[in-house]
Structure formats: structure tokens, C-alpha cells
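Below, each value reflects all heavy atoms present in this structure, side chains not excepted, and no hydrogens, waters or symmetry copies. What you see is a predicted model, and the numbers here were worked out from it, not measured in a lab. Here is how names work: the chains are called A, B, and so on, in the same order as the sequence lines, proteins then strands, and each is numbered from 1.
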Amino acid sequence: QVEQVKLLDRFSTSNKSLTGTLYLTATHLLFIDSSQRETWILHHHIAAVEKLPLTTSGCPLVIQCKNFRIVHFVVPRERDCHDIYNSLLQLSRTAKYEELYAFSYNPKQNESEQVKGWQLIDLAEEYKRMGVPNDYWQLSDANRDYKICETYPRELYVPRTASKPIIVGSSKFRSKGRFPVLSYYHKNKEAAICRCSQPLSGFSARCLEDEHMLQAISKANPSNRYMYVMDTRPKLNAMANRAAGKGYENEDNYSNIRFQFVGIENIHVMRSSLQKLLEVSGTRGLSVNDFLSGLENSGWLRHIKAVLDAAVFLAKAIAVESASVLVHCSDGWDRTSQVCSLGALLLDSYYRTIKGFMVLIEKDWISFGHKFSDRCCQLDGDPKEISPVFTQFLESVWNLTEQFPQAFEYNEAFLLQIHEHVHSCQFGNFLGNCQKEREELKLKEKTYSLWPFLLAEQKKYQNPLYNPDFSPELTLLEPNTVSFNFKFWRNMYHQFDRSMHPRQSMFNLIMSTSEQNKQLEEDIKELEAKIKQRNGQSDDPIEKEKEEEQTAHPAPVALKSPPCFQKEPPPMPVNDAVRTIEGSNTADNRYSELVSEFSKAEPAMVSLEYGVARMTC
Amino acid sequence: MEFAELIKTPRADNVVLHRPFHLAVEGTLCLTGHHLIFSSRRHDNAEELWLLHSNIDSIDKRFVGSLGTIVIKCKDLRIIQLDIPGMEECLNIASSIEALSTLDSVTLMYPFFYRPMFEVLEDGWSSFLLEQEFELLSSVTNEWRLSCVNKEFSVCPSYPPVVIVPKSVDDDALRKVALFRHGGRFPVLSYYHKKNGMAMLRSSQPLTGTNGRRCKEDEKLVNATLRSGRRGFVIDTRPLHVAQQARAKGGGFEQEVHYPQWRRIHKYIERFNILQESFIKLVEACNDQSHNMDRWLSKLEASNWLTHIKELLTAACLAAQCIDREGASVLVHGSEGTDSTLQVTSLAQIILDPRCRTIRGFEALIVREWLQAGHPFQQRCAQSAYSNSKQKWEAPVFLLFLECVWQIHRQFPCSFEFNEQFLIMLFEHAYASQFGTFLGNNENERAKLKLPQKTMSLWSWVNRPEELSRFQNPLYEANSLVIWPSVAPQSLQLWEGVFLRWNRPSRFLEEAEEERIHIIKYNKELQARVNALRRRLAELEAED
């Protein structure tokens with residue numbers, strides 16, 4: 001516990017600060033300011049801690065979080081600062097899975113609830129929903145003991161005609177043994193999305209079993225003879241891989257395939273791209289042009305567009321051409337997961353529901369071995385393995401929700417909450433790198449699943465504009481991917497910088513109004529029942545008519561104050577409560593402090609801020 | 001002149017109309033004196049397009065064989081294409097449109113011919129009189145007076161006949177001050193902040209020249225707005241060096257020695273051709289769908305449009321802050337006081353004054369701070385982003401103002417009585433309209449053109465209940481607070497409703513908007529029903 005710590009405003013050009021007390025707990029860093037507002041930061045969320053050179057007011061400490069929160073403390077005494085710094089370094093870097101928060105987190109669930117929680121998302125059920133197994137596709141037990149591929153799940157769906165020797169042969173010809181398997185089956189078009197890793201083709205190597213495997217996939221689609229093979233990497237990267245004995249499919253060796261590169265960059269490019277984006281968006285006093293050129297130089301939106309373009313290509317191949325598509329990148333767990341899951345999201349409206357989205361993440365990300373632990377740096381590991389691949393997936397989905405505001409059951413808050421928990425290590429779902437590892441960690445016994453908790457509070461994540469009839473089942477969502485449709489995701493990257501958000505949130509208002517509407521509908525039913533009861537048998541048509549008349553021309557309530565108001569539950573809060581303006585209350589308003597500054601300022605030079613506004617004399 | 005002389009081919013059949021995101025339609029094209037009319041010949045679902053010639057910004061023609069194609073670019077940024085069979089017809093039509101869309105004389109414009117199909121409930125020409133404004137002001141303070149010194153437009157040709165000035169300054173003094181200010185635009189009241197009695201004045205630059213001329217009456221006038229012992233701020237919308245250079249041409253700025261109670265702040269706001277170029281570049285960038293991400297972002301940046309938005313909002317916040325937070329009076333001017341000055345004073349009022357966020361209040365603001373204040377609409381809005389003429393007086397000054405209002409609206413979606421459509425409608429009518437409101441460059445010209453007698457006012461139409469309902473914001477909840485917008489680049493956005501309006505399918509976004517409105521309306525309905533039922537239940541209980 002350290003007192004008299006200052007929390008600096010990140011974007012303030014004058015050193016505005018809140019003074020308060022800093023506490024370190026086993027799991028969280030807690031700051032309570034003088035007005036008793038609390039800021040909780042989970043140790044696992046801390047991406048970096050930095051101690052800046054000593055200043056006159058104390059020792060500055062900057063904490064960067066994985067959820068893009070950045071806090072800037074000034075600790076009065078250097079020794080305290082050093083202690084905090086060291087503790088945080090230790091606490092934020094965990095060496096063993098068992099030390100992660102999920103293993104100590106206790107949400108007061110009993111054992112059967114815990115088990116039920118883990119059973120909430122059932123992938124076997126999901127494959128059944130898609131329509132497999134069927135005449136063409138079957139469940140393979142080849143990987144039942146993780147013998148063929150350690151990073152795949154136990155249960156895999158493959159074409160019926162792919163025999164075990166073909167599977168084994170094909171897996172030996174693919175990086176990390178990740179042979180082609182079913183990711184999504186489109187039952188109307190009878191076409192499939194399959195996924196795998198790159199072939200070990202080098203410059204000329206062939207593998208008959210692998211060729212058979214692809215043939216089996218294309219034959220499992222009765223409506224189209226050819227299939228697409230999408231290599232999601234840039235062509236140059238794929239070619240470079242050949243020198244290492246890896247590479248891509250040679251069209252001459254595989255019958256009826258159409259090969260396509262789509263040019264999504266690798267995890268290292270994505271990592272540095274995000275780094276650049278954050279550097280730009282975190283600059284104080286940023287000008288519009290610096291922001292736009294920084295956005296351009298970071299390449300971030302270009303990458304998001306590339307991912308979405310690839311997904312659109314995939315979805316169109318299935319929906320328009322009824323062609324099956326095999327997707328891979330290098331190892332088939334990053335770009336492949338992005339493209340397969342987004343493609344399925346465009347094709348199948350089920351994934352646009354809250355439950356369906358959970359299923360999608362469980363299937364294409366968790367079960368197929370996206371390396372959450374490495375990519376999100378859950379344990380102290382190789383920094384070169386960190387990459388915002390999943391964040392990009394969420395951002396692509398967000399872009400779709402912006403273009404199709406009524407197509408999704410979930411809202412932005414849902415995406416942000418999932419992002420939060422991918423990094424929080426509070427629940428077991430995202431721990432580890434693959435299913436095998438998760439089983440070894442006994443996560444289902446020792447930790448809890450995130451999904452039941454999200455479902456329990458799903459009111460918060462519902463999109464009030466959602467229209468289930470927006471697109472009939474299995475009709476393609478066709479986003480417009482012209483560059484100007486992609487926007488900087490302020491609510492993700494500045495989630496905690498309230499000063500940049502709209503001061504009145506239309507979204508919150510619509511959310512709460514929609515919520516209130518449901519309550520009012522209930523109230524009406526209840527009141528109608530009571531009236532009916534009172535009227536008893538005398539409930540003749542005339543009465544009803546009168547009632548309707550009243551509803552059509554309601555008089556203001558305040559005219560009379562009927563006695564029943566005391567007995568009734570208080571009327572729902574009127575909209576005023578909802579519509580308080582954050583920015584215009586002096587408390588939240590960053591302009592409020594300026595009065596004193598203004599008068600204090602030197603006569604020759606006045607520096608003001610409105611966010612970043614300045615004036616000079 | 002007869003329009004018929006200009007119309008060589010009044011009608012062409014088998015014309016095909018192409019619009020982005022619409023199927024091509026075949027039909028008949030007709031030219032009238034003021035409209036281009038296209039109607040599809042299908043009986044089941046006749047489609048008609050009426051386009052004002054004055055809305056046409058530029059026209060290109062090209063030929064493939066005997067099939068001519070005309071591309072029409074409109075001032076509201078829409079682009080349509082017409083395929084016209086027959087080379088002669090096409091040439092005739094193109095040259096007619098060109099002639100009709102570039103008429104020189106104001107009196108030939110459509111507003112002089114337009115006969116409204118609706119009953120006029122309220123004459124918009126007299127809806128917003130300064131006298132009414134003054135009455136409101138008199139109820140809170142008696143420090144100001146209405147001056148008719150400019151009755152004949154003799155003191156300041158670009159000012160209205162009546163203005164509000166400090167009570168202690170008489171008309172003779174005003175005449176002297178007018179000689180000391182560029183174009184005679186002496187300081188007048190723009191806004192009075194009831195909360196603390198501070199005033200915002202606007203004027204043009206003082207004519208100090210190189211030898212530092214001064215004008216005692218001018219000093220007295222501006223000082224009359226200060227509380228004793230308090231300071232005021234002069235917000236000069238030019239950078240210091242430009243203001244200094246202006247002295248060589250007889251202009252200048254208020255010097256500290258002569259205005260000791262005033263502190264001068266230079267807050268640079270771009271003007272004229274720089275804005276017009278910026279506008280043209282932005283529209284170019286938005287119209288090219290083939291740009292990859294890097295190119296789009298660099299084009300957006302190169303247009304500098306959002307930078308202008310940010311600078312303008314910052315300046316307005318600054319003025320508002322001086323008044324509301326500092327408790328100081330403010331004088332705003334640039335050179336002429338007809339462009340950047342008005343942007344700043346009107347935006348500051350949006351921030352400070354809840355009344356300006358209502359529909360009527362906003363209309364009054366536009367009449368007061370733009371039309372009466374002498375923003376030269378006819379010059380500035382002569383052409384839009386597709387113009388080739390590059391006249392130096394054309395500039396999207398008013399559009400920038402509207403976009404800034406939109407940016408604030410986005411951050412405070414519940415604080416405005418009007419919606420985005422209202423702002424877009426004003427943008428359209430400022431550039432091409434059947435109404436006379438935005439014709440002429442100042443009240444003097446409008447009086448000479450007899451606009452109030454000869455044309456219909458936009459406000460007569462807009463303020464009819466049927467029209468108003470389209471422009472109302474269902475989320476509006478009156479809010480008496482000062483609203484401070486964020487001007488961080490991350491908080492600003494491209495105004496898609498104007499710049500991407502014709503470039504992307506908007507069906508889903510519109511449907512979502514309808515759903516939002518439905519939720520709000522449904523809520524009101526439900527509340528009314530609950531209340532009615534409660535009352536009914538109470539009555540029943542009382543009977544027992």
C-alpha cells in the first residue's frame with residue numbers, strides 16, 4: 001500500500017492528476033482516488049511496466065495493459081516506486097499455468113454447475129447442427145489419442161472416402177501434422193470449409209496420400225467438381241517457405257484445385273503493426289494529419305481489410321459457386337483461424353447469435369489450436385510469439401456489425417468483454433495452446449468456463465437493434481470492403497480513455513430504452529390482469545373499448561395522483577436518468593480544470609486544452 | 001430571355017439512367033427551364049428523377065459511336081450518368097444543360113419561378129426578426145440597444161438594417177467606428193451569455209494600417225462590453241504574421257497599447273481557395289472506390305479536411321471557454337468578418353446556448369449569424385466540389401460549419417432537437433434550392449432583389465409540421481448545459497452522410513436508424529399505456 005500516489009491523465013497536456021492510494025493484492029493492482037473511485041487492474045492484464053526518470057513530484061510509473069489501458073502513476077518516493085515496479089514485474093509474469101488467476105478464481109459455483117458450465121458449448125452438437133456426419137463426411141477417430149496431430153482436437157470430421165492411411169500419409173506431409181479437416185459444412189450448398197497447415201512440398205516433393213485427401217474433399221461435394229485452395233499468406237512468404245522444405249500446393253499435382261494466395265501478413269508484421277498503431281493513438285496533442293498518417297503507416301486497417309477480403313472470397317466461393325474451400329497458412333492456426341471463422345460468420349447467421357459466436361470461437365480458435373497462451377503471453381515466454389491475431393478477428397467482426405447493425409444478436413460490449421477475458425486468465429477457456437495441453441492441465445476440473453458467465457449477463461451484450469429475420473438462414477452477408485468502410489476502433493483502443501468517447505451514448509440509450517420497453521410490456525400485462533380481475537364478470541366489450549380509447553389518448557400522469565401508486569412498484573425511471581451527460585458534468589469534464597489554469601497562465605503564452613486544443617498569443 | 005431559346009432538344013426517349021447502387025433504368029428525359037426530368041416508362045413502377053439545373057456542378061459528355069453519354073455531377077455530390085442515343089440529341093441536351101445550369105442572372109433562378117404547392121402557414125421571411133431577438137435580450141439586461149444606423153445600408157453594406165450594440169454607444173459613434181473597420185463592419189453583439197452576462201461580439205479587422213491608427217469610439221465600444229476590472233479576449237482568426245501583413249494593406253489588429261483590457265489570441269482558421277481545394281480533394285478521394293487502404297488514408301490526410309474541422313471546433317471551444325469558464329467578453333474577427341468569424345461565433349453558440357440546439361433556435365442562428373450577418377452565400381456556394389472554374393470566392397465555409405455541428409451532434413446525440421437529415425438538407429439548399437433564402441450575398445442585395453416578395457422562404461416550408469417531423473431527433477431531451485466536444489482526432493469522423501452518401505449502399509444503416517426510432521417511439525407509447533392502465537386501476541379501486 002502506497003499513499004499519495006498520483007494518477008495522471010494520459011492525454012492531458014497539463015499535468016492533471018488524481019491523488020489516491022495504491023494497493024497491491026495477489027491478483028490485482030488497485031488505485032482508490034480521493035473521491036473513492038476505484039481502478040482495478042488485473043496483474044495478468046499488464047503487458048509492460050516502465051519506470052521513467054525521477055521528476056520533482058516523484059517517480060513516474062507507466063503501466064501498459066493488454067486491454068489497451070495505459071495508466072501513468074507518480075509515486076512520491078523512489079523506493080516505493082521501485083518496490084511496486086519489482087512486485088508488478090514478478091506478479092505480471094507467471095512461469096507456470098497453475099499460478100494463473102483461473103486456478104484461484106472462485107465464482108462460488110458448485111461442482112455440478114462447474115461441469116454444466118463446461119458442457120454449455122458442445123462441439124459434437126455443433127457439427128450435428130451443420131449436418132455432419134452425413135453421406136460424405138464422417139467423424140474420424142484417427143486423432144483420438146492425439147497421436148497424429150497434437151494441436152488438433154480429438155474429434156475431427158473428414159470425407160468418408162479418406163481412409164486412415166490417407167489421413168496418416170497426408171498428416172506427415174503437412175506442417176505439425178495438421179492435415180486437412182472439416183471446419184464448416186454448408187448444408188444447402190453441400191460445400192465445406194476445410195483447414196490445414198502448409199504442405200511440406202519444398203521445391204518438388206509430392207505426397208500421393210495428400211493428393212488423395214484433397215481429392216476426397218472435392219469429391220465429398222456433389223455439387224461442384226473443383227475446389228479452392230486458399231493460401232492466406234502473401235505469395236512471397238509462401239515461396240520463401242519452399243526453401244525450408246515447406247511451401248504450397250502445386251496445381252499440376254492436385255486434380256481440380258484452384259489455387260489462390262490472399263496475402264495476409266504473418267504474426268510478426270501484425271505485432272509491430274499494432275505497436276505502431278498504439279504509439280500513434282497514444283500520442284498527446286495528436287494532430288489530425290499525424291493521426292491519419294500514423295494510421296496509414298501502421299498498416300493496421302490494411303491488415304484488417306486483408307483478413308475480411310479473404311473471408312469474403314471464401315464465403316463467396318461457397319455461397320455463389322458451391323465450391324469447397326481448403327484454407328491454410330503456415331501452421332494453420334492463426335490466419336487460417338481468422339479466415340475460416342469469419343467466412344463461416346458471413347455464411348451462417350447462427351454465428352451471429354450470442355451462443356453461436358461462443359461456439360464459433362470454441363471451434364475454430366480454441367479446439368483447432370490457436371495458440372492463445374503464446375499469442376496473448378499468458379506465461380512469461382517468447383515475446384516474438386505474441387501477436388494480436390484474435391484481436392484482429394474481433395475487430396473484423398466489429399466492422400461487420402457496423403455495416404450490418406441489425407444482423408448480430410450481440411453488441412460491441414460482447415466483443416470487448418471477450419477480448420478482456422482472452423487476456424485475463426480468469427477463466428479456463430483460453431488457457432494453454434491446444435486441447436491436449438488443456439486436458440493435461442485438468443482445466444475442466446480446476447477452472448471455470450467463461451461462457452456461462454457471459455450468458456448469465458447476456459442482457460448487457462444484446463444488440464437492441466438485432467432482427468433475427470434480417471437474413472434468412474444460410475444466406476450470405478456481403479460486406480462492402482471498400483477502404484473507406486474501415487474505421488479506427490476507438491472503443492477498443494481507447495476503451496478506457498473516456499474523454500474521447502461521445503459524451504452521450506446513443507448506444508447506451510437505445511440499450512436501456514429497449515430494456516425498459518420489455519419491462520413496460522410486463523407491467524402492462526400485469527396491470528391488465530389486475531384490471532380484469534377487478535372487473536370480474538363485468539368485463540364487457542364496452543369496458544374494453546373504453547380501455548383502448550384511453551390508451552390511444554393518454555392524458556398526462558401527473559394530473560391525479562391515484563392512491564394505487566403507493567401499492568404499485570414505483571414507475572420505471574424516466575429517460576432523464578439515462579440521459580445524463582457524462583462530459584458536461586464538471587466531474588467528468590476535462591475542461592473544468594481549465595479555469596484555474598487559464599488565469600495562472602503566463603501572459604505571453606496561453607496553453608489550453610480541449611482534448612488537445614492549444615492557443616497561442 | 002426565354003428559357004426555350006436555350007433548350008434545343010426538350011425531350012429524348014430511350015435514355016438510360018445510371019446511378020451507383022441502383023439498376024440502370026430506361027426512360028424519357030425532359031428539359032424544362034429549371035429542371036432536368038427523367039421518368040422511366042414502366043407502368044408498374046414509374047420512377048422519376050427531378051434535378052434542378054442549379055444543382056448541376058459540372059457536366060461531361062463522351063461518345064461511343066452514335067451513343068452519347070452525359071455524366072452529371074451535382075452540387076450535393078451525387079453523380080449520375082445518362083446514355084442518350086443520337087449524337088445530335090446528346091450534344092443539344094448537354095449544351096442546354098450547361099447553359100441552364102450556369103445562368104448569370106439571379107432573377108432567372110428557380111426561386112423566382114417556384115410556386116409552392118403547399119399552404120403557407122407562417123411566412124419564413126418574417127419568422128426570425130432581430131427585433132424579437134432583442135426583446136428576449138431586454139428581458140435579462142438593459143445594457144444593449146437596437147440601432148437602426150444602417151437602415152439604408154449606408155454605414156455597412158453587408159450588415160442588416162438593424163443591429164444590437166452597447167447602449168452607451170450612440171449612432172454617431174457607430175458611424176465613426178464603421179470607418180475604422182474593414183467594410184464598415186463595426187463590432188456588434190453576436191451572443192449574450194445569460195449565465196454570467198458576458199458578451200460575444202463580432203466585427204471585421206480594424207483599419208490600423210502601418211502607422212497604427214486608432215479610433216477612440218471603437219475602443220469605447222468594445223470596452224463598453226467589459227465588466228469593470230475584467231479582461232476581454234480578441235480572437236483573431238488569422239495567424240499573427242498574416243494579421244501583421246494586413247497592416248500594409250490598411251488592415252491590422254487591435255494593439256495592446258490602445259486596448260489594454262483586451263488580450264489578443266490568434267487562432268488560425270483556413271479560408272477561401274485552401275478550403276475549396278480541400279473540399280475537392282476529399283470528394284475525389286471518397287468517390288474513388290478502387291483506392292487501397294494506404295492510398296485512401298493518405299488521400300484523406302492530404303485533403304486536410306478533418307484538420308480544418310478540428311481547428312474550427314477548437315477555435316469555437318476557445319471562444320466558448322473564454323465566455324463561460326473565464327467570464328470574459330470576446331470579440332471575434334478575421335479580415336472581413338464574413339466567413340471564419342461567423343463560423344466561430346455560431347459554433348460557440350451551439351456549445352453554449354441550448355436554444356441553438358433546437359430546430360427553431362438553429363434556424364434563428366443561421367438567419368442571424370449567417371444570412372443577416374452577411375455571409376456571401378451566393379459567391380461561396382456558386383459551385384461545389386466538381387467545379388472547374390476555381391473562382392477564388394468559392395469556398396465550403398457553410399458546409400464546414402454544418403459538419404462541425406454534425407461532429408458535436410455525434411458526441412451529444414440527445415442534445416439536439418434536429419437530426420442529421422436537417423443538416424444535410426441545409427447543405428443542399430445552400431447550394432441549390434427552390435427557395436430564395438440563400439440567394440444574394442447579404443441583406444442589402446436581398447432587399448434589392450425583393451426576395452421576400454418574389455420568392456418563398458425555406459423556413460416557410462421547413463417549419464410545416466409535415467416537414468418538421470422528418471427532421472426531428474427522437475432522442476432529443478432538452479439539456480440546458482454547455483456541451484464541450486472532444487476535438488481529439490480519434491473523436492472526429494468523416495461525415496459519411498454527406499461524403500459517402502452516394503458511394504455506398506445505405507439500406508442497412510437506414511433500416512437500423514428506423515429501428516432506433518421505433519424503439520424510442522414504442523417506449524413513449526408503452527409509458528402512456530402503463531399510465532393509462534394505472535389510472536384505470538386506481539379508478540376501479542376507488543370505486544370499491
Side-chain angles (χ1 to χ4, degrees), chain A residues 281 286 288-289 291-293 295-296 301-302 305 404-406 464-465 480 482-484 488 490 494 499-500 502-504 506 509-510 513-514 516-517 520 523-524 527-528 530-531 534 547 550-551 554 557 562-564 568 575 579 581 583-584 589 591 594-595 598 608 610-613 615 617, chain B residues 264-265 267 286 289 291-294 296-298 300-301 306-307 310 314 317-318 321 325-326 410-415 475 477 479 481-484 486-491 500 504-505 508-509 511-512 515-516 519-520 522-523 526-538 540-541:
Chain A
S281 68
L286 186 63
V288 172
N289 281 355
F291 175 62
L292 290 174
S293 65
L295 200 57
E296 180 195 336
L301 291 180
R302 189 178 74 224
K305 176 169 153 58
F404 303 99
Q406 297 193 268
L465 304 179
N480 182 334
V482 176
S483 302
F484 55 58
F488 173 72
R490 187 193 56 218
H494 290 296
S499 66
M500 283 186 188
R503 306 302 211 265
Q504 290 172 321
M506 165 126 62
L509 175 69
I510 298 288
T513 309
S514 160
Q516 195 186 353
N517 285 353
L520 285 169
D523 287 1
I524 286 173
L527 285 165
E528 275 172 348
K530 276 188 191 168
I531 289 173
R534 287 243 161 222
E547 193 182 298
Q550 262 183 332
T551 56
V557 223
C564 73
E568 289 294 316
N575 291 345
R579 298 187 190 194
I581 302 181
S584 282
N589 193 333
Y591 303 98
L594 295 174
V595 185
F598 208 118
L608 281 181
Y610 310 95
V612 280
M615 65 174 184
C617 282
Chain B
R264 213 177 55 248
I265 301 167
K267 188 72 201 74
C286 292
Q289 308 257 334
H291 286 328
N292 65 27
M293 188 60 75
D294 288 1
W296 156 247
L297 287 172
S298 75
L300 184 61
E301 181 199 340
L306 286 170
T307 301
K310 181 173 146 89
T314 307
C317 287
L318 182 67
Q321 186 170 20
R325 300 278 190 227
E326 269 302 281
R410 265 182 46 81
Q411 297 188 26
F412 296 89
C414 308
S415 300
L475 307 181
E477 192 94 345
N479 149 27
L481 298 166
V482 176
I483 53 176
W484 301 107
S486 158
V487 297
Q490 293 96 322
S491 307
L500 301 182
R504 57 165 191 192
F508 301 133
L509 301 178
E511 283 173 1
E515 180 60 27
R516 270 183 214 114
I519 290 173
I520 300 291
Y522 185 50
N523 180 265
L526 287 175
Q527 289 200 351
R529 274 179 66 189
V530 166
N531 290 337
L533 287 171
R534 287 215 173 117
R535 245 196 334 274
R536 171 128 181 75
L537 189 63
L540 286 172
E541 281 175 359

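The contact between F484(A) and chain B is made by backbone and side chain atoms together, counting heavy-atom distances below 4.5 Å. Only the side chain of R490(A) comes within less than 4.5 Å of a heavy atom in chain B; its backbone stays farther off. Residue contact with chain A, scored on non-hydrogen atoms closer than 4.5 Å, involves the side chain of L500(B) exclusively.
Side chain of S491(B) to main chain of S486(B): no donor-acceptor pair is present (N/O by atom type, distance under 3.5 Å, no hydrogens or angles).
Across S514(A), S293(A), P464(A), the residue that shares the most heavy-atom pairs under 4.5 angstrom with chain B is S293(A). Per-residue counts of heavy-atom pairs under 4.5 Å with chain A were compared for E515(B), R410(B), E301(B), Q289(B); the largest is that of E301(B). If you tally non-hydrogen atom pairs under 4.5 Å between each of R516(B), H291(B), E511(B) and chain A, the highest count goes to R516(B). In terms of heavy-atom pairs under 4.5 Å with chain B, the best-connected choice from N480(A), V482(A), L465(A) is L465(A). Of the listed residues (C286(B), P505(B), S298(B)), the one with the most heavy-atom contacts under 4.5 Å to chain A is S298(B).
With Q411(B) as the partner, the side-chain contact (heavy atoms from CB on, under 4.5 Å) test is satisfied by one option alone out of M500(A), R503(A), Q504(A): R503(A).
In this structure R504(B) satisfies the salt bridge (Lys or Arg N to Asp or Glu O under 4.0 Å) test together with E496(B), sequence neighbours excluded.
Annotation: the span from E296(A) atom CD to W296(B) atom CH2 amounts to 12.0 Å, rounded to 0.5 Å.
Salt bridge annotation for R529(B)-E528(A): present, with a cationic side-chain nitrogen under 4.0 angstrom from a carboxylate oxygen.
Side chains of N289(A) and T307(B): a donor-acceptor N/O pair is present below 3.5 angstrom, by distance only.
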